[in-house]
Structure formats: structure tokens, C-alpha cells
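The next block holds one structure in the form of C-alpha cells; read it before the comments.
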Amino acid sequence: MTAHWEAEADLVVVGSGVAGLTAALDAAELGLRVVVVTKDAADAGSTRYAQGGVAVVLGDVPGDSVEAHVADTLVAGAGLSDLTAVTEILTDGPAAVARLRARGATFDPGADGRLARTREGGHSAFRVVHAGGDATGAEVERALVAAATDRRLPLLAGHVAVDALRDERGTVSGLAVLDDAGRPGMLRAPAVLLASGGYGQLYASTTNPATATGDGLALALRAGATVADLEFVQFHPTVLYTGPAVGRRPLVTEAVRGEGAVLLDRAGRRFMTDLHPLADLAPRDVVAAAITRTLAATGADCVHLDATAIPDFARRFPTVHAACRAAGIDPVREPIPVTPAAHYACGGVVTDLHGRTSVPGLYAAGEVARTGLHGANRLASNSLLEGLVVGARAARAVAADRAAVRPAPGECLVASPAAPLAPRAVVQQAMTAAAGIGRDAAGLAAASDRIEEATAVGVPADRAGVEDAALTVLAQAVLAAAGTRTESRGCHVRTDFPDRDDQWQRASLVLTLDADGRPVVQAGTAVAA
Ligand code: SIN
């Protein structure tokens, strides 16, 4: 493909959420020439929809400690988190939050002058700081976009990342993009950082915005990177249920349960109390699976979240309140109808704790990456923190690697532009039917066959085509990983293998692409690059 334009930078950041903008700002402060590429508006990604907050131990909550946060994260991660990753990332949390506040983000104050804290599923302490009540992600995104604007950071909006450019040794030498009209452009740079978010759009119902189509993950696979833990797609237990619908559904933050709301079945009975010592505040995978079982047992379309005892609900949870009111529900007076929906990719591109992937010059941070923090099930509100910490570390890694990682001069190679492409609706239907909470071998195989039958090889010509190609390869990768893991663990729930199996303890499934561009599972422990 002939580029309509070319530009040069030291670092190209793909994505303008918390990880991408943190990395871009830090890299610019380190003196690097940075360009941020985003396929939509700067604030259109998942960050701005995060509600609950940032889980961080700032040292001012009696009885809480980084060790307790580490322990909660490991329990939630169900035996698959990496202790070093968990410890390092959580330990770096306070400094990362301080930098974010210095960049202008404002968190809600408590009555005593300290920051207010809330609690979410799986946390043993009130340690989640929040902004605008339940609008934490919006405040984080606002502050970072403002800081980027103040710094005049070059932001290429409306451009989708297509492929990493590489030299003849495979070292990254830039990024090929398409603009909204499908015109190609080329950014030459010795470092590309993927901070492009997750792939909630694989499913019909998700908390994720339309941008969450896994483009960065697919790009990394095509560049030769390894990915891992893709079977662990986290379903948020509570999105507002307003009838069957496709696309982003309004989140009802776990902090609502943290402040005392309880889940009720169609008969008005609490069903979490007998299931877990933390009851309605059990880790998210436990609550989402319990809701799914309750729906199957009762034949209901939704369960209910009774938040009527929470004082001043509209002030504490303005986003949830507004979404409920828009749907004709008054959460102050009546329980909120809720169901689970696809929410977060616990796996991703395998990186070390500085964002380095297995491909020289290619970095990843945030939801697109798999650092080992989340394991089989991410602990609530650990993701904004991970984006802040690893985004900053990746900027330093890019600066440090500059002398060592240099693409050879000359031709930039792009993987073959042709890719397997299936219609999005087919992918979403197949994944929703077979790869949600409760999977089995027959269903996973049937979904893979259904997508395969609908797949044709084509050259993505625009943003929609790039997204469809990403969703197609990711669907097959998730199905392959989910079919291979013959146990239930964290947010991977197999109805034909309902128990945890210790032989899978600490064993991440690693995937790469074969010569035909098909994802292949390689058993073994994922190792950082
Ligand atoms: C929530 O507020 O419930 C979501 C927070 C998260 O996914 O970390």
C-alpha cells in the first residue's frame, strides 16, 4: 500500500486512554518526540467509562497495607497472577497517583480532609479513590487530555493503526495507519507503544465503547508477538438491564455494592450470602457466575440490585443515577435491573513490567497488555492503576532502549495486508452464545466453525475492516485458549470442567500466529519478553 504521507517520531503511542497518555506525557518529558495515534476522538476509549476508581494504598487508611492489596489481588487472580508483577505494580501505585494528581486530576475528598475511599468486590479494605462520585475514568481522561493539550503533544485522531512496520530483522521501525477515509499513512519510529485497550466488542453486550475491538492485540500478533491469558474475559456482574440490546451497556459500578447495595433474585431473595464470605462483595468472577447461574435457574432476564438504602444516591453515584433515570428507573426507590456483560480482557500481549513485548521496539501497556497483574480475574479498580504505573515505566523503557533498539535503515516491512475477515455480527453472536460465562467444548468448537465458515481473506480498507479483522483473529484466539484450558478458573468458567485443576495452576496459555495468520496455542508458562 502506498502511503499518502510519512512522518517521523521517536515513539508512536497507539491509544489515548490512561496508559497511552501517561506514557506519551512521560516520554515527552524525557525529551522524546512523541506522536499519539487514536482512531476516534481522544477521549473515546474505555478509560472515560471507568466508574469505581483507582485501587491504591496511600498509607492513610488504618489497617490497610500494600501487602493486603497484594493478597487481595492474588486471591482474585485465582492462582495465575505473577507475584513480582503484582508487588511491583501495586507498590508503584502511590507515586503514580501522585503524578496524576500533579497533572490536574481531582479525587473526591472525604469528610476528614483525606481522599474519600470506597470498596469493591474482592477488596478487604476501603482503598479505592474516586472522582465525581462514580466518574473516575472521566476525570482521569479529562486531566490527561488537558495535560497533553497544554504540552501540545501531537495527537493524530481519526487514524486507525493497521500494522507495525519492521526492518528485515523484525525490529519495529514504525506504524502504518489508515485515516477515516481509508487513506494510508506511515509513521516512522524506532518504538511503538500499544495502549489501545481491550476487546469487549467481541460480545453483543459489553461495558466497553465501540472502540474496544482489540486492534492493538491483533497488530501485535501480526508483528510476531506472543499473547497470553486470552481465555480470561472478565464479565462485569452488573450492567443496567433494559432488554436485549447490542453494544455498550451502562455500567452499574461495584462501588454501589461497596456502599451497601445487595443483589436479589426474581423472588426478592439475596443469593450471594451463602456463596462467599464476602457475599455481594465477593470477587467479580464469583458474583458474575452466581448471577448467571441464578438467571439460568429462575429463567429471569435479569437480577436486581437494591441500592435504596444508600443515602444521597444521586450525589454519590451521579452516572449510574442518570443512566437509571434515562431508562425510567428510580434507583432511590426501586431495585435496579442488572445482568453481567463483557467488561475487561485480563490477558493480552505478553510484556515485562516495563511494557516490553517479545518484538524489539514494540511495547504495550494497559488493557492490551498482559503483565501478570490480573491473572485469571482482575481485581476491581486495579486497571487504571496498572495503566498509570506501566504507562510511566514503558516511557522510561523506550528512552532507555533507544541506543540498543535501532531499526536498520532501508525498507520497512509490513506483514501481508491480507487478513481473515468475518462479519462482526456473526462473531458477536458466536462469542456471546459460546464463550461467555459457562463454556463447553462442543459450544466452543461450534462457535469456531461458525466463524470460520463466515470468514474470507481480504485486505481491510478502512477502520471498520481493521476492526473486523482484529475481532476475527481474536475470536479464534479466545476460542482456542478457552477450548484448551480444561478447567474452570477465575473468569474462565467451563460447564464441562467445573472445577479448578491444579495442573493448570500458574500455567498461562501462550498464543502466536501461524504462517496463515491463524492463532495457535502453545502450552507453557508465559514468560515476560
Ligand atoms: C466498577 O466500577 O465496577 C468497574 C471498575 C473496574 O472495572 O475496575
Side-chain angles (χ1 to χ4, degrees), residues 71-83 85-86 121-122 198-199 202-203 226-237 275-278 282-297 340 342-348 350 370-379 430-449 474-512 519-527:
D72 291 346
T73 301
L74 294 174
V75 169
L80 223 60
S81 298
D82 179 277
L83 176 62
V86 175
Y199 46 86
L202 267 186
Y203 294 84
T226 53
V227 303
D229 294 340
L230 295 196
E231 65 274 37
F232 299 108
V233 178
Q234 182 174 74
F235 280 68
H236 195 285
L275 292 180
H276 195 278
L278 291 172
R284 191 170 280 183
D285 57 331
V286 176
V287 182
I291 293 175
T292 303
R293 282 196 306 273
T294 302
L295 295 179
H343 182 59
Y344 195 86
C346 298
V350 176
R370 181 268 185 209
T371 57
L373 173 66
H374 307 311
N377 175 52
R378 178 181 61 97
L379 183 67
M431 294 300 287
T432 303
I437 303 170
R439 309 158 166 185
D440 62 33
L444 292 165
S448 177
D449 289 349
L474 284 173
Q476 294 292 14
V478 171
L479 291 167
T484 305
R485 183 175 286 277
T486 48
E487 65 156 355
S488 291
R489 181 182 296 275
C491 38
H492 171 65
V493 180
R494 290 275 303 245
T495 51
D496 50 352
F497 293 95
D499 300 319
R500 252 193 225 189
D501 179 344
D502 279 350
Q503 72 167 334
W504 288 103
Q505 180 89 357
R506 304 221 43 72
S508 282
L509 288 170
V510 177
L511 291 92
T512 51
V520 187
V521 175
Q522 302 162 7
T525 303
V527 232

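Numbering of residues begins at 1 and proceeds along the displayed sequence.
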Could you pull out all residues at least two apart from D82 that satisfy side chain to side chain donor-acceptor pair (under 3.5 Å)?
-> none
Looking at L511 and P519, what are the two nearest heavy atoms and their distance?
-> CD2-CB, 4.1 Å
Are the side chain of S488 and the backbone N or O of F497 linked by a donor-acceptor pair below 3.5 Å?
-> yes
Judged by atom type as modelled, is there a donor-acceptor pair below 3.5 Å linking the side chain of R439 to the main-chain atoms of L479?
-> no
For the pair D285 and F232, evaluate side chain to side chain contact (heavy atoms under 4.5 Å, CB included) and give the outcome as yes or no after the intermediate values.
-> CA-CA 10 Å; D285 57 331; F232 299 108; over 6 Å; no
Do you know the tightest heavy-atom contact between T371 and A85?
-> O-CB, 3.4 Å
Do any N or O atoms from the side chain of S448 and from the backbone of Q476 form a donor-acceptor pair under 3.5 angstrom?
-> no
Rounded to the nearest 0.5 Å, what separation is found between the CD1 atom of I437 and the CG atom of L295?
-> 9.0 Å
Tightest non-hydrogen contact, residues A78 and R500, listed as CB-NH2, 3.3 Å
Exam field: side chain Y203 to backbone H343, donor-acceptor pair closer than 3.5 Å = no
Atom pair CG/CG of L230 and L509 - distance to nearest 0.5 Å | 9.0 Å
Do Q234 and N377 get their side chains close enough for a donor-acceptor pair, meaning under 3.5 Å?
-> yes
CZ of R284 to NE2 of H236: how many Å apart, nearest 0.5 Å?
-> 4.0 Å
CG/L80 to CG/D229 distance, rounded to the nearest 0.5 angstrom?
-> 5.0 Å
Kindly give the heavy-atom pair with the smallest separation between G443 and A434, and that separation in Å.
-> O-CB, 3.3 Å
Shortest non-hydrogen separation from L275 to A290 and the atoms involved | CD1-CB, 3.6 Å
How many angstroms lie between atom CG of L373 and atom CZ of R378, to the nearest 0.5 angstrom?
-> 9.0 Å
For L444 and R494, what are the C-alpha separation, side-chain angles and deciding distance, and is it a side chain to side chain contact (heavy atoms under 4.5 Å, CB included)?
-> CA-CA 10 Å; L444 292 165; R494 290 275 303 245; 4.0 Å; yes
Which heavy atom of R489 sits nearest a heavy atom of W504, and at what distance?
-> NH2-C, 3.7 Å
Rounded to the nearest 0.5 Å, how far apart are OG1 of T292 and CZ of F235?
-> 8.0 Å
Would you check if the side chain of H276 reaches a backbone N or O of V286 as a donor-acceptor pair within less than 3.5 Å?
-> no
